[in-house]
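Below is one structure; the comments refer to it alone.
Every chain is numbered from 1, with letters handed out A, B, ... down the list of sequences.
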Amino acid sequence: MLEIKDIEKLAKLARIDLGEEQKKSYLKEIGAILNYVDQIKNAVSKLGEERKIPDLRNVARPDENPNQSGSNTETIVSEFPKKEGDYLKVKKIIEQ
Amino acid sequence: MTIDTKNLTIRKAHEDLTSGKYTAVDLASAYLENIKKFDKDIHAYLEVYSDVIDQAKLADERIKEKKNITLLTGIPFSVKDNILVKGRIVSSASKMLENYHGTYDATVIKKLKEAGAVFLGRTNMDEFAMGGSTENSAFGPTHNPHDLERVPGGSSGGAVASVAGDMALVALGSDTGGSIRQPASFCGLVGLKPTYGAVSRYGLMAMGSSFDQIGPIAKNIDDAQIVFDFISGKDVMDSTTIEKPNLELKNKKLKIGIPKEAMKVEGLNPVVLKNFNEAVEKFKKLGYEVQEVSLPNIAYSLSVYYTLIPAEVSSNMARFDGVKYGLHKDGDNMVDDYFKTRQAGLGKEVVRRIILGTYVLSSGYYDAYYNKANIVRDLIREDFRKVFADVDLILIPTAPNPAFKIGEKISDPIALYLEDIFTVPANLAGVPAISIPSGFTDMNGKQLPLGIQLLSAHSNETALFKAGSDFEK
């Protein structure tokens with residue numbers, strides 16, 4: 001059974017701030033969804049199988065014809081929320 | 001010049017454009033006029049592009065010079081708002097990307113541009129394609145052109161409403177668990193979810209990467225097939241794509257299987273069932289052999305889907321952190337920026353799926369949920385493989401109910417998820433599926449469209465088009 005503190009933990013892992021009302025409604029809804037999807041346990045207990053490894057094939061493309069250096073810079077930099085020149089600007093990560 | 005957009009098809013428009021009956025500018029103007037007239041009530045579009053006439057002029061030049069004319073030259077398309085077009089806003093109907101510009105063209109867009117298509121605008125959808133009613137758009141719902149009080153379905157609700165409302169000749173949508181087919185059935189249109197890998201997803205915003213496909217929404221089978229032929233094929237930018245299949249049918253006379261388990265689905269509306277049975281009779285009359293088949297694990301489809309999808313969603317949505325692009329909200333420090341940005345930018349259903357996905361992927365529950373769901377997914381795939389060794393097509397309804405009212409199911413996520421019961425199996429197995437209009441039902445004086453769905457083996461879209469066009473005659 002999920003509890004409010006579980007929702008808080010999951011939200012922290014997912015890096016989302018939640019209000020108290022949101023926590024309550026997610027607790028109820030996610031509990032109901034988990035209750036529903038629990039059916040899969042019945043399907044598998046009949047089998048008790050492990051997952052088969054699918055057929056693998058190599059889909060890597062040759063590493064060639066790269067873009068000309070700088071050809072996309074302007075397009076991409078213009079979408080940065082914060083920048084200094086062509087640099088992406090973020091807050092300091094290491095704390096004193 | 002008045003153009004009868006209501007009865008227009010791609011071939012008819014092509015004939016008229018190349019014979020000089022009207023120009024691509026005339027055609028685009030006719031659709032812009034319709035948008036102006038109808039879209040304030042329907043809200044199919046999030047943005048109508050300001051350069052539509054310029055695009056049409058380029059198509060007219062090609063037609064005039066008789067150079068590089070294709071069936072799609074001058075054909076007006078709408079584009080779902082999760083497909084990148086370079087330099088234009090692409091928001092996935094989310095606050096997170098409200099002001100984001102596509103930094104490159106999706107492969108499907110590149111192909112359509114080369115063919116000379118005209119893009120009218122970007123269409124409304126459930127935020128990041130999560131939902132089945134287009135009510136999860138951050139910019140307000142879309143209304144069903146057949147009854148404005150009802151949803152158009154979703155998540156490609158704006159796409160279908162644009163075509164059903166004569167505000168585009170054809171549309172591009174995306175389908176992860178039914179997002180092309182269910183709205184197509186709610187709005188009386190043809191919607192194709194191609195084989196997984198048939199159409200490149202390069203430039204499609206990822207939701208469930210092992211499910212997502214781009215496909216056409218059109219008024220008839222022929223239009224859908226034409227667009228599919230243009231956009232499908234292997235692409236080095238999407239490693240999941242496959243070569244174009246051999247289009248010849250193995251069997252001249254197609255065999256249809258009806259899965260007995262699917263007919264026992266709880267909550268299948270009697271109106272839908274009656275209409276479905278009439279469709280079965282019609283196929284029999286057309287000379288199709290119809291037999292009962294069994295998909296023993298299909299009852300687990302929704303449980304598998306709503307375990308795997310949140311897992312993939314929680315991974316795919318991790319990129320929206322306010323650092324590289326999109327919305328940014330300032331917090332106390334770097335990490336707090338993420339929390340504030342994601343709270344402000346992501347809607348209720350998106351957050352619900354991220355949290356659920358974080359749960360099913362967490363170390364204590366990974367085996368119980370994510371792994372088990374993958375095992376059952378393999379079983380469902382195997383069920384389909386066995387059935388398609390025996391029959392060419394599977395016939396089931398597209399949705400258990402006709403279009404519901406706006407607001408009717410929004411507060412109950414499970415009720416909304418149950419609407420996907422008939423569409424998710426094709427995405428789980430990766431097989432192609434098409435929704436075809438199968439008539440109407442009268443609901444309080446409004447004629448609501450119904451749809452049936454055909455599924456076939458991997459890369460056998462040809463069988464869908466053949467049976468679909470026989471049925472629509």
Side-chain angles (χ1 to χ4, degrees), chain A residues 2 6-7 9-19 22-23 25-52 54 57-62 65 72 74-82 88-95, chain B residues 86-87 100-101 103-104 236-237 239-240 297 299-300 302-304 306-307 310 314 317-318 321-328 330-331 333-344 346 348 351-352 354-360 362 368-369 371-376 378-379 412-414 417:
Chain A
L2 282 182
D6 298 316
I7 298 291
K9 237 186 250 175
L10 292 166
K12 193 177 171 196
L13 281 168
R15 304 282 187 264
I16 304 173
D17 265 347
L18 291 182
Q22 283 176 304
K23 285 180 203 166
S25 72
Y26 284 131
L27 176 67
K28 196 173 129 235
E29 292 156 6
I30 289 172
I33 296 165
L34 286 173
N35 213 11
Y36 180 83
V37 303
D38 257 347
Q39 293 174 11
I40 50 171
K41 292 182 182 159
N42 307 331
V44 184
S45 64
K46 280 191 291 194
L47 294 132
E49 297 292 332
E50 277 194 28
R51 196 180 175 196
K52 275 181 288 183
R57 66 197 162 94
N58 190 356
V59 292
R61 65 181 161 83
N65 305 325
N72 292 313
E74 204 187 316
T75 319
I76 291 167
V77 169
S78 66
E79 296 301 320
F80 288 171
K82 286 192 170 175
L88 177 64
K89 198 173 167 185
V90 292
K91 289 195 175 109
K92 194 163 66 181
I93 297 169
I94 301 165
E95 297 197 8
Chain B
K86 191 172 181 177
Y100 171 74
H101 296 82
T103 48
Y104 60 94
V236 287
M237 303 308 281
S239 63
T240 62
N297 294 293
Y300 299 114
L302 272 183
S303 298
V304 173
Y306 280 104
T307 305
S314 70
M317 293 296 127
D321 55 7
V323 175
K324 298 181 293 294
Y325 50 81
L327 185 76
H328 175 91
D330 254 336
N333 52 49
M334 175 84 187
V335 175
D336 198 38
D337 284 2
Y338 300 159
F339 281 89
K340 295 278 181 300
T341 300
R342 288 163 71 79
Q343 182 193 33
L346 300 173
K348 197 163 193 275
V351 172
R352 189 184 288 132
I354 290 173
I355 292 181
L356 184 57
T358 307
Y359 179 79
V360 301
S362 61
Y369 289 100
N371 242 350
K372 282 212 167 59
N374 270 308
I375 295 169
V376 184
D378 287 341
L379 296 175
D412 184 355
I414 293 202
Y417 292 178

* What residue, out of A/I76, A/I16, A/V59, A/D17, has the most heavy-atom pairs lying under 4.5 Å from chain B? ->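 Max contact count across the listed options: A/D17.
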Which bit of [X] comes within less than 4.5 Å of chain B, counting heavy atoms only: side chain, backbone, both or neither?
X     : result
A/I33 : both
A/Y26 : side chain
A/K12 : both

If you define the side chain from C-beta out and look only at heavy atoms, does anything of [X] sit under 4.5 Å from [Y]?
X      : Y      : answer
A/V37  : B/L356 : no
A/L34  : B/Y369 : yes
A/S25  : B/K348 : yes
B/Y104 : A/T75  : no

* To do: Apply side-chain hydrogen bond (donor to acceptor under 3.5 Å, both in side chains) to B/D337 and list each qualifying residue two or more places apart in sequence or on a separate chain.
  =>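 Once residues adjacent in sequence are excluded, the partners of B/D337 under the side-chain hydrogen bond (donor to acceptor under 3.5 Å, both in side chains) criterion are A/K91.
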* **Contacts of B/Y359 that satisfy side-chain hydrogen bond (donor to acceptor under 3.5 Å, both in side chains) - sequence neighbours left out** =>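 Per chain and number, B/Y359 pairs via side-chain hydrogen bond (donor to acceptor under 3.5 Å, both in side chains) with no residue.
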* Quick one: what part of B/A344 sits under 4.5 Å from any heavy atom of chain A, side chain, backbone, both or neither? ->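 Answer is neither: B/A344 stays 4.5 Å or more from chain A.
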* Asked: Of the backbone (N, CA, C, O) and the side chain (C-beta and beyond), which part of B/T103 lies under 4.5 Å from a heavy atom of chain A, both, or neither?
  ->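 Its backbone and side chain both get close to chain A.
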State, to 0.1 Å, how close [X] and [Y] come at their nearest heavy-atom pair, and which atoms those are.
X      : Y     : result
B/I414 : A/A32 : CD1-O, 3.3 Å
B/I354 : A/A14 : CG2-CB, 3.6 Å
B/V323 : A/P81 : O-CD, 3.0 Å

* Just give me the residue among B/K86, B/R352, B/M334 that pairs up with chain A most often, heavy atom to heavy atom, under 4.5 Å. =>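 Option with the top pair count is B/R352.
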* Asked: Between CG of B/D330 and NZ of A/K82, what distance do you get to the nearest 0.5 Å?
  ->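 Result: 3.5 Å between the selected atoms.
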* **Pairwise distance CD1(A/I40) to CG(B/N371) - rounded to 0.5 angstrom** =>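 Separation between the atoms: 10.0 Å.
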* Asked: Within a radius of less than 6.0 Å around NZ of A/K89, do more than 12 heavy atoms belonging to other residues, nucleotides or ligands occur?
  ->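 Counting other residues, nucleotides and ligands, NZ of A/K89 stays at 12 neighbours or fewer.
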* Is it true that a side-chain atom of A/E79 and a backbone atom of B/H101 form a donor plus acceptor pair closer than 3.5 Å? ->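 Judged by distance alone, yes, a pair lies under 3.5 Å.
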